[in-house]
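What follows is a short report on a single structure.
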Number of protein chains: 2
Amino acid sequence: MAETPGVTEPTLEEQIAAYQREFQDLDPQVEKIVSALSRLNRRMNVAYGRQTSALGISNAEWEVLKALVLSGAPYRMGPGDLAKRLGLTPAAMTHRIDRMVTEGLVTRERDESNRVRVIVELTAEGREKWLEAMRLATVFEEDLLQDLSPEERTALGEVLTRLLRRVEHAQPDAGGRLADLD
Amino acid sequence: MAETPGVTEPTLEEQIAAYQREFQDLDPQVEKIVSALSRLNRRMNVAYGRQTSALGISNAEWEVLKALVLSGAPYRMGPGDLAKRLGLTPAAMTHRIDRMVTEGLVTRERDESNRVRVIVELTAEGREKWLEAMRLATVFEEDLLQDLSPEERTALGEVLTRLLRRVEHAQPDAGGRLADLD
DNA sequence: AGTGAAGACTTCAGAACTAAAGTTTGAAGA
DNA sequence: TCTTCAAACTTTAGTTCTGAAGTCTTCACT
């Protein structure tokens with residue numbers, strides 16, 4: 001078998017115990033929150049990734065669709081703006097758009113009023129893909145929070161936004177570049 | 001100026017409003033929790049990334065150090081086990097270890113009792129790097145949670161682990177491969 | 001007009017990854 | 001013993017990213 005024991009991911013409790021063993025001045029309560037947050041987020045991303053790949057699009061493509069939809073009708077943005085919004089270099093954006101154009105998710109054309117600029121526009125198919133992904137995502141999210149009462153949901157949302165404000169206040173912005181979309 | 005307006009990241013509230021505008025059957029309370037969770041996690045990762053790069057190590061290297069330390073003394077693992085633990089292919093692990101060996105963070109040697117296996121072992125310098133990173137991380141984490149009372153911390157930890165259990169129960173495991181460390 | 005400079009995007013070279021094929025070692029059965 | 005198979009790791013080919021150089025358009029100043 002040769003499956004070395006201990007390779008399977010430890011439970012949250014095991015992991016916190018390991019942290020305490022190796023690093024004495026650790027507040028287990030803090031570590032529990034931080035580790036649970038990180039782990040929960042990862043699991044959710046795995047779930048989203050499965051859903052989008054079931055729709056035949058990659059996570060990278062989903063992010064672009066999201067940015068375009070959230071920009072509002074007529075669902076147009078320039079490659080440079082998209083790059084800033086997604087936290088990518090313009091070079092990476094060029095290639096991503098290449099792929100998405102060939103798949104029919106977006107169109108690319110020059111802005112005739114200012115021929116330096118390029119306009120990336122969502123196609124009807126791209127918009128439909130986003131809607132399908134959202135339908136799947138909302139089902140998953142509602143299922144995830146199913147055990148939480150309305151009061152617990154309110155409290156959780158409030159605490160998380162409080163933490164978020166604190167982080168955002170502490171860190172002006174990561175090198176001027178924005179990170180991935182929610 | 002040519003800085004197209006609307007490129008800066010929207011606030012959480014603006015983003016939720018955009019979601020509601022584009023997708024009617026959305027529970028804003030659910031979306032608030034999910035978006036805050038995701039955004040908070042991202043901001044935290046940016047902070048960790050700055051701290052580790054200030055220590056002269058990459059995030060990738062930090063993950064390897066973490067896995068080795070948490071495995072406990074004598075801080076040894078095989079490349080294959082490390083790859084599973086970090087959610088990488090064995091090929092990627094080979095290259096990562098190459099880099100870390102040249103930087104003196106780990107050593108690589110054949111297992112003499114079973115020459116198919118390779119042993120990656122943390123060096124004293126690698127362990128020290130991990131400890132420094134942990135010292136920075138705990139300061140940041142304590143600062144982050146500063147406004148939360150002990151009761152709120154307990155409640156938050158409890159709710160998050162409850163959600164975590166729910167996700168883990170729902171999804172057996174992502175294709176048999178483990179994701180990144182917390 | 002004519003030149004210079006800045007902006008927006010693309011192209012190119014290099015880094016880190018994945019998937020799949022290749023190599024070496026150990027173990028099990030003919 | 002010899003053969004065959006499986007396991008563990010490495011190597012190779014191809015993808016997607018970053019950083020830097022390159023191209024094309026526009027604007028400002030002379």
Side-chain angles (χ1 to χ4, degrees), chain A residues 1-7 46 49 52-53 57-64 76-103 106-121 174-180, chain B residues 1-7 46 49 52-53 57-64 76-103 106-121 174-180:
Chain A
M1 259 284 81
E3 178 68 2
T4 309
V7 179
V46 169
T52 55
S53 70
I57 61 178
S58 71
N59 226 309
E61 291 167 336
W62 191 32
E63 286 173 5
V64 177
R76 294 178 177 184
M77 289 180 79
D81 291 347
L82 274 170
K84 277 182 207 141
R85 188 72 191 74
L86 299 188
L88 296 176
T89 59
M93 206 62 233
T94 294
H95 298 313
R96 227 184 242 200
I97 293 168
D98 286 347
R99 300 192 287 272
M100 294 181 73
V101 166
T102 66
E103 291 168 10
V106 300
T107 59
R108 167 160 45 189
E109 57 183 82
R110 291 211 97 79
D111 182 346
E112 288 307 325
S113 70
N114 181 348
R115 301 186 45 73
V116 175
R117 293 172 184 274
V118 168
I119 297 176
V120 178
E121 180 172 336
R177 192 189 293 154
L178 302 169
D180 303 338
Chain B
M1 257 285 78
E3 177 67 6
T4 309
V7 178
V46 169
T52 54
S53 70
I57 61 179
S58 71
N59 227 308
E61 290 167 337
W62 189 33
E63 285 172 4
V64 176
R76 293 180 178 182
M77 291 180 79
D81 292 347
L82 273 170
K84 277 183 208 138
R85 188 72 191 73
L86 299 189
L88 296 176
T89 59
M93 206 63 233
T94 294
H95 298 311
R96 224 183 244 199
I97 293 169
D98 285 347
R99 300 191 289 273
M100 293 181 72
V101 167
T102 66
E103 291 169 9
V106 300
T107 60
R108 168 161 43 189
E109 56 184 81
R110 290 211 97 77
D111 182 347
E112 288 307 326
S113 70
N114 182 346
R115 299 186 45 75
V116 175
R117 291 174 186 273
V118 168
I119 297 176
V120 178
E121 180 172 335
R177 191 190 295 156
L178 303 169
D180 302 299

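What you see is a predicted model; the values in this text were computed from it and never measured. Convention: sequence-line order gives letters A, B, ...; per-chain numbering from 1.
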Please report the closest heavy-atom contact between A:Pro79 and A:Val118, naming both atoms and the distance.
-> CD-O, 3.4 Å
Looking at A:Ser58 and A:Thr52, what are the two nearest heavy atoms and their distance?
-> C-OG1, 4.5 Å
Check every atom of C:dC17, D:dT18, D:dA8 against the side chain of B:Arg117 and return the nucleotide holding the closest atom.
-> D:dA8
Of A:Met93 and B:Met93, the one whose closest DNA chain D nucleotide lies more 5' = B:Met93
Expressed in angstrom and rounded to an integer, what is the separation of A:Asp98 atom CG from D:dT16 atom C1'?
-> 12 Å
Output for pair (A:Arg110 CZ, A:Asn114 CG), nearest 0.5 Å, gives 9.5 Å
Starting at the 5' end of DNA chain D and moving along, which residue's nearest nucleotide shows up first, A:Arg110 or A:Ala92?
-> A:Ala92
Spacing of A:Ile119 atom CD1 relative to C:dC9 atom C1', expressed in whole Å = 14 Å
How long is the line joining NE2 of A:His95 and P of D:dG14, in whole Å?
-> 17 Å
Please tell me which of the listed nucleotides, D:dT10, C:dC9, D:dC17, lies nearest to the side chain of A:Val118?
-> C:dC9
Sugar-phosphate, base or nothing in reach of A:Arg108, heavy atoms under 4.0 Å | sugar-phosphate
Rounded to the nearest Å, what distance is computed from the CG atom of residue B:Asp111 to the P atom of nucleotide D:dA8?
-> 12 Å
Rounded to the nearest Å, what distance is computed from the CG atom of residue A:Leu82 to the P atom of nucleotide C:dC9?
-> 9 Å
Whole-Å gap separating P (D:dA7) and CG (B:Asp81) = 14 Å
Sugar-phosphate only, base, or nothing, as touched by B:Pro79 at under 4.0 Å among non-hydrogen atoms = sugar-phosphate
A:Arg99 side-chain N/O to D:dC17 phosphate OP1/OP2 under 4.0 Å = yes
Name the closest nucleotide to the A:Val116 side chain, picking from D:dT25, D:dT12, C:dC9.
-> D:dT25
Within the pair A:Arg115 and D:dC27, is there a side-chain N or O less than 4.0 Å away from OP1 or OP2?
-> no
A:Arg108 and A:Thr94: which non-hydrogen atoms are nearest, and at how many Å?
-> NH1-O, 3.9 Å
side-chain contact (heavy atoms from CB on, under 4.5 Å) evaluation trace for B:Met100 with B:Ile57 = CA-CA 9 Å; B:Met100 293 181 72; B:Ile57 61 179; over 6 Å; no
Let me know the distance between CD1 of B:Ile97 and P of D:dT10, rounded to the nearest Å.
-> 7 Å
d(CG, A:Leu86; P, D:dT16) in whole Å | 16 Å
Nearest to the side chain of A:Asn114, which nucleotide is it out of C:dT18, D:dT26, D:dC17?
-> D:dT26
Nucleotide of C:dT18, C:dA16, D:dA7 approaching B:Ala91 most closely (side-chain heavy atoms) | C:dT18
Checking A:Val106, A:Val120, A:Ile119 against A:Arg76 for side-chain contact (heavy atoms from CB on, under 4.5 Å), the one that qualifies is A:Ile119
For the side chain of A:Thr89, counting heavy atoms from C-beta on, which of D:dT10, C:dA19, D:dT18 is nearest?
-> D:dT18
Would you say C:dA15 has OP1 or OP2 under 4.0 Å from some side-chain N or O of B:Arg96?
-> no
